[in-house]
Amino acid sequence: MDADLDRLAERVDAARTATEARGETFYEGPSRSQLAMFPPKERWDDWVELDSKAWPKRVEKRFMLVPTTCFNCESACGLLAYVDKDTLQVRKFEGNPESPGSRGRNCAKGPAVHNQITDPDRILHPMKRVGERGAGGWERIGWDEALDELALRIRRAIEDERQNEVMYHVGRPGEDGFTERVLAAWGVDGHNSHTNVCSSGGRTGFQFWTGIDRPSPDHANARTILLISSHLETGHYFNPHAQRIIEAKHNGAKLIVMDVRLSNTATHATEWVAPYPGSEPAILLSIARELIVNGEYDRDYVRRWWNWKQYLTEQHPDRPATFETFEEVLRDLYADYTFAYASQESGVSEAQIRAVHAAVAEAGNRLAVHSWRSAAAGNEGGWQVSRTLFLLSALMGAIAVPGGTYPNAWNKFVARPIHLPHHPAAWNELTYPLEYPIAQNELSFLLPHFVEEGRGLIDVYFTRVYNPVWTNPDGFSWIEMLTDHKKVGLHVALTPTWNETAYFADLVLPMGLSSERHDITSYEQYDAQWLSFRQPVLRAARERLGETITDTRQVNPGEVWEENEFWIDLSWRIDPDGSLGIRQYFESKAEPGTKLGVDEYYGWMFEHSVPGLKEKAAEEGLTALEYMRRYGSYEIRRGIGPLHETPVPAEEHATDRRVDEYGRVYSRDPEPPKENFAPTGAPDPDHEGRRAVGVEVDGEVLRGFPTPSGLLEFYSRTLVDWGWGEHAIPTYIKSHIHPEHLEAGQVPLISTFRLVTQIHTRSANSKWLDELSHTNPLWIHPVQAADVGVVTGDLVRVETELGHFVVKAWVTEGIRPGVVACSHHMGRWRLTGHEQAHRLNTTTVALHNDGSKWSMSPEQSHGAFESSDPDTSRIWWTDVGVHQNMTFGVHPDPVSGMHCWHQAVRVVKAQEGDRAGDIFVDTDRSRAVYRQWLEKTRSATVVSPNGERRPRWLIRPLKPTSDAFRIGGPVGRRTDDAPVSG
Amino acid sequence: MSRTGLLRALADLAARPHAGSAAVAEALELPRPPTAGEHADLFDFQVYPYASVHLGAEGMLGGDARDRVAGFLRALDVTPPPEPDHLVVLLHAYADLTDLAASGAPRADHARRVLLHEHLGSWVGRFLARVVELGADPLRTWAHLTVRALADELAVCGPPPGPPAALRDAEPLPEPEDATAADWTQGLLTPVRSGLVLARADLARAAHELGLGTRVGERAFVLRALLDQDARAVLGWLAREAVRQADDLGPVAATGGEPTARWWRERLGHTATMIDRRLGAGAGPSGAESGAESGAEEDR
């Protein structure tokens with residue numbers, strides 16, 4: 001034996017022991033052993049590949065590889081643009097191995113960015129309407145003209161103190177806070193997100209538990225993964241989550257998917273559970289009950305971290321406030337949720353529910369859970385889906401531990417920007433109306449009805465990467481609003497491509513795609529914090545070649561701009577002399593009085609606000625900005641762990657400290673400098689103005705959760721105080737499509753699911769994605785199809801409460817019997833006679849209107865066409881689906897504000913003359929449905945405990961001043977129909 | 001004295017460098033850790049730390065050679081990772097089995113011998129010999145150390161009774177007349193068929209020594225381009241290279257035992273003899289005689 005090797009072995013063992021004693025990893029095991037699939041970053045300046053188009057000849061192409069971030073969904077996966085060094089054109093996109101979330105991998109939507117930047121129909125110049133709105137007449141104008149018109153109008157609104165008549169309605173933000181700060185700088189409470197047609201139901205359930213409205217499941221390390229719907233894992237965070245779910249499966253994890261459809265994710269599941277839609281909380285509560293009854297939960301975790309004491313004290317004041325008492329009460333609370341009851345409600349067998357329970361129980365605290373859209377977005381009371389799901393995590397102590405679920409703000413990093421403007425002084429009642437005081441997000445999809453009711457007007461309306469006419473329910477009401485100049489003074493569509501909403505705009509301003517704009521992004525995809533940089537890749541490429549680029553339009557196609565520079569320029573034009581106090585937020589710090597540029601904006605942020613980035617860059621002799629331009633991503637830290645367990649330093653609660661009866665610790669010590677601006681709840685100070693600094697647990701002051709109690713809120717005092725006490729603990733609310741609420745012959749229609757290779761409006765301009773997925777038939781089980789008398793390919797009429805749509809049937813056992821489903825991703829259209837339109841994957845339609853009655857009929861099916869891209873002449877498919885959302889009434893959940901997407905419909909055979917894609921709607925019915933759901937609400941004017949419009953601690957993108965929170969406080973708009981001054 | 005920590009540390013340096021590589025390298029008394037560039041240059045572009053590349057019938061990643069390793073791991077109730085035949089995985093698996101054997105787990109000692117003889121010793125000596133020749137300093141030292149560590153393991157486990165199954169079953173390089181030019185060229189680049197482990201750097205060296213031009217491309221393309229320019233000279237160089245590599249089988253004998261080394265020696269000898277015979281007959285291989293034909297085949 002080689003004695004020297006023994007000596008070395010001893011050295012290695014000693015080094016390992018010492019390293020691991022510091023909590024670090026000595027060697028990382030075989031998981032990193034895969035052959036590098038990517039060009040080594042040392043060669044990104046000059047990478048050689050053979051030109052595929054020259055095949056079979058071997059023609060070498062030299063590329064510069066420039067990172068950016070995909071903008072197609074929210075995952076923010078890293079892309080590497082292959083910039084041809086001869087032509088300085090982007091030839092393709094592949095994965096960026098430096099991206100910590102996506103790790104060099106992409107779904108189909110990543111490489112398809114190349115289709116989007118070369119889309120023959122993309123908008124290349126600012127366009128101004130000619131003729132009536134929606135008539136299809138456009139003329140090309142210059143950016144100066146567009147900006148001056150906008151600036152004049154916005155300045156006038158601000159000067160008249162009707163600043164909230166300016167509204168920014170955003171679809172996919174794709175960035176972290178830039179535009180919110182623009183609105184704040186203007187003093188405008190005009191942020192209007194799409195979230196209430198998307199995820200606010202899911203968010204609400206999480207927020208009431210943790211004070212943070214998104215979960216971050218650590219799938220890769222889980223023993224059991226429990227997903228309510230496949231949505232996030234097949235369509236949203238598909239790539240970063242899917243790869244980690246598969247890793248977990250390789251390691252033996254169980255995957256449980258609750259979904260009425262056999263989704264892509266469900267095909268990988270250990271258990272595919274297909275419940276009656278809306279019954280998911282009944283199943284989850286039955287599992288919780290079993291865990292409680294069997295004592296399979298983490299007692300110590302529950303004792304330490306739940307606000308059980310507050311619950312007992314306030315709801316059972318006659319009983320001793322001991323943990324043992326709480327456990328007794330807990331057993332009683334859920335006693336009715338037996339497996340038999342859950343089975344009866346859901347139609348899922350008791351045996352399968354037992355199997356799910358067993359998987360949850362055996363996972364211990366390595367239980368990763370997620371719920372986003374689907375059930376939470378489909379049902380009245382859907383927010384209790386995520387609340388009851390998280391109950392399982394909270395019982396198992398599976399929160400912020402490896403393999404568990406983290407609050408997202410701990411796995412996300414939002415950096416402090418160069419300027420931080422104040423929040424606005426007036427409340428926007430069109431986005432946060434009094435009837436929905438605890439809505440998670442803006443009531444965006446009710447806007448046409450609010451305006452119709454005379455609650456306010458919109459003077460300048462920005463739709464930005466958003467297509468409410470197509471995406472929202474009740475699209476004809478949107479058309480009615482957008483075509484009425486008295487309701488919407490100026491509609492500006494900020495969009496890279498034509499869409500159904502842009503057809504009804506006054507100005508269409510072309511914005512850049514994934515590789516043509518600057519943004520920062522950071523998302524919760526594993527237990528770490530990272531930052532990714534989206535950048536105009538040709539700007540970065542030309543700068544590497546020594547050029548100086550001062551305006552992204554210099555490198556983008558046509559006159560396509562990016563939003564950062566657009567908003568800065570517009571803000572300067574609104575306040576050219578600085579007298580409105582706006583310009584200061586868009587000025588250079590290095591050269592005061594001059595316009596802030598994107599290099600300085602991001603350079604400052606990366607140097608000053610991102611821990612460790614400056615030092616990491618210096619190791620390579622780069623500035624922080626140069627590092628991000630070169631690599632695109634930076635992992636700030638990993639292994640964040642349970643931040644709620646972090647002790648609060650004594651100096652933070654030394655001055656005038658007060659501990660309330662439930663352990664909440666308050667102090668007058670100043671808040672330490674904030675490093676991470678990721679959104680969280682903001683617990684109120686105590687009644688004497690002390691700041692909430694932590695929570696006392698077992699005698700130690702810990703950071704806790706950003707909830708009012710500082711604990712996990714099994715019991716939400718907020719819900720009690722704001723009129724919804726019956727839902728204050730995780731419970732089951734029977735959906736609006738519960739069988740008890742259906743009329744004879746009605747079945748639920750599920751419309752919330754995505755297609756893996758498409759993403760709402762934005763991906764339709766990708767020929768590759770369209771070839772993969774281009775239609776949305778009605779999923780129908782064979783039993784039900786036989787009842788209706790249809791086979792695959794037959795047309796059916798789906799009758800909703802507003803009208804009907806006609807669609808092809810797809811008979812499949814991949815859906816639960818008694819339920820039908822149709823993806824919301826398809827059915828794109830363009831208007832007949834419009835020359836400026838989006839032609840890929842759209843049907844040419846005619847709109848007919850007679851009073852409140854609207855119909856849409858296909859005039860020309862999709863097909864091949866001649867364009868600058870020869871591939872468009874090779875389009876072989878004609879069916880691009882139906883725009884079903886048009887026929888849906890608005891269903892705002894009275895608590896979360898989420899649109900409850902599921903529909904009660906009748907499915908019948910198509911009638912003679914029906915054509916696929918036909919739609920009929922009566923907007924009088926739209927208004928009736930709106931009023932019907934409005935009656936479910938409990939207005940702040942009745943329930944507010946303190947005379948304010950909304951609990952202050954809840955997350956809100958912009959937080960108006962105290963005076964604006966007051967009911968009756970300033971609203972920043974005309975309160976009558978007085979004409980605009982000037 | 002357990003060596004499994006040492007083996008895992010050696011494995012760590014075959015994977016991509018990470019923040020902790022410096023500590024591992026220091027513990028191993030390497031001059032410094034390899035840089036990411038050195039690692040990529042060697043393991044992504046020159047020699048590949050995979051059993052399948054060295055034992056597979058196509059000389060490429062994956063295939064039956066990888067499945068053999070995966071099957072071996074499955075038989076041990078281990079779910080194979082995505083690349084089960086990577087040296088890192090094999091060294092970790094060997095260390096794990098050694099620990100299990102030490103704890104008295106049934107079958108573990110037998111399993112580790114099988115792993116060492118069949119899945120590591122069958123090829124790793126060839127690979128490590130080329131790393132010693134082509135790698136940057138820290139990787140050369142690492143390769144020497146890995147040979148020493150595995151040699152000691154072989155001393156403990158004993159030599160294999162005969163050549164490993166993957167070698168016994170491997171077809172040799174076909175006679176030139178029986179193959180297309182492309183297949184024959186690919187065979188030369190397939191270690192288990194020709195015995196040669198030819199890296200890009202070797203082909204560049206050949207071009208330099210013979211005064212030929214090097215085309216940029218995959219190895220098969222580079223080799224065919226050399227043959228197109230001067231088939232006889234290149235074939236002569238290949239025959240000499242086979243002899244040269246046969247003289248460097250010490251690491252194979254140390255890590256895989258004499259039967260394994262003998263097999264590689266004979267395979268290299270067979271290749272050298274075949275080429276010499278062809279040259280003695282006054283012609284190159286059928287594919288190498290006509291550069292136009294070779295290129296034409298590529299273009300089809």
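Numbered from 1 within each chain, the chains take letters A, B, ... in sequence-line order.
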B:A151, part contacting chain A, at a heavy-atom distance under 4.5 Å:
neither
Residues in residues 69-77 of chain B near chain A [non-hydrogen atoms, under 4.5 Å]:
none
Is it true that, when you exclude A:K614 itself, more than 12 heavy atoms of the residues, nucleotides or ligands shown sit nearer than 6.0 Å to its NZ?
no
Taking the side chain as C-beta and beyond, is there a heavy-atom pair between A:L5 and B:L6 under 4.5 Å?
yes
Which region of A:A15, side chain (C-beta onward) or backbone (N, CA, C, O), has a non-hydrogen atom less than 4.5 Å from a non-hydrogen atom of chain B, or is it both or neither?
side chain
Is A:E10 close to chain B through its backbone or its side chain, or both, or neither, when contacts mean heavy atoms under 4.5 Å?
both
Looking at B:P80, B:A27, B:G37, which one has more heavy-atom pairs under 4.5 Å with chain A than the rest?
B:A27
May I ask you to decide if B:E26's main-chain N or O and A:R11's side chain share a donor-acceptor pair within less than 3.5 Å?
yes
Under the criterion side chain to side chain contact (heavy atoms under 4.5 Å, CB included), I'd like the reasoning laid out for B:T79 against A:N251: C-alpha separation, chi angles, the key distance, then a yes or no.
CA-CA 7 Å; B:T79 302; A:N251 292 330; over 6 Å; no
Honestly, the part of A:D13 sitting under 4.5 Å from a heavy atom of chain B is side chain
Taking the basic N atoms (NZ, or NE/NH1/NH2) and the acidic carboxylate oxygens, is any pair closer than 4.0 Å for A:E60 and B:R215?
no
Quick one, B:R3 and A:D6 - any side-chain contact, counting heavy atoms below 4.5 Å?
yes
Is any side-chain heavy atom of A:V12 less than 4.5 Å from a side-chain heavy atom of B:R8?
no
For B:A11, is it the side chain, the backbone, both or neither that has a heavy atom under 4.5 Å from a heavy atom of chain A?
neither
Portion of B:V216 that has a non-hydrogen atom of chain A nearer than 4.5 angstrom
both
Sort B:A155 into side chain, backbone, both or neither according to what part of it lies under 4.5 angstrom from a heavy atom of chain A.
neither
Grab the two heavy atoms, one from A:L8 and one from B:L145, that are nearest each other, plus how far apart they are.
CD1-CD1, 3.5 Å
More than 12 heavy atoms from other groups under 6.0 Å of CD on B:E58
no
Is atom NZ of A:K61 surrounded by more than 12 heavy atoms (other residues, nucleotides or ligands) closer than 6.0 Å?
yes
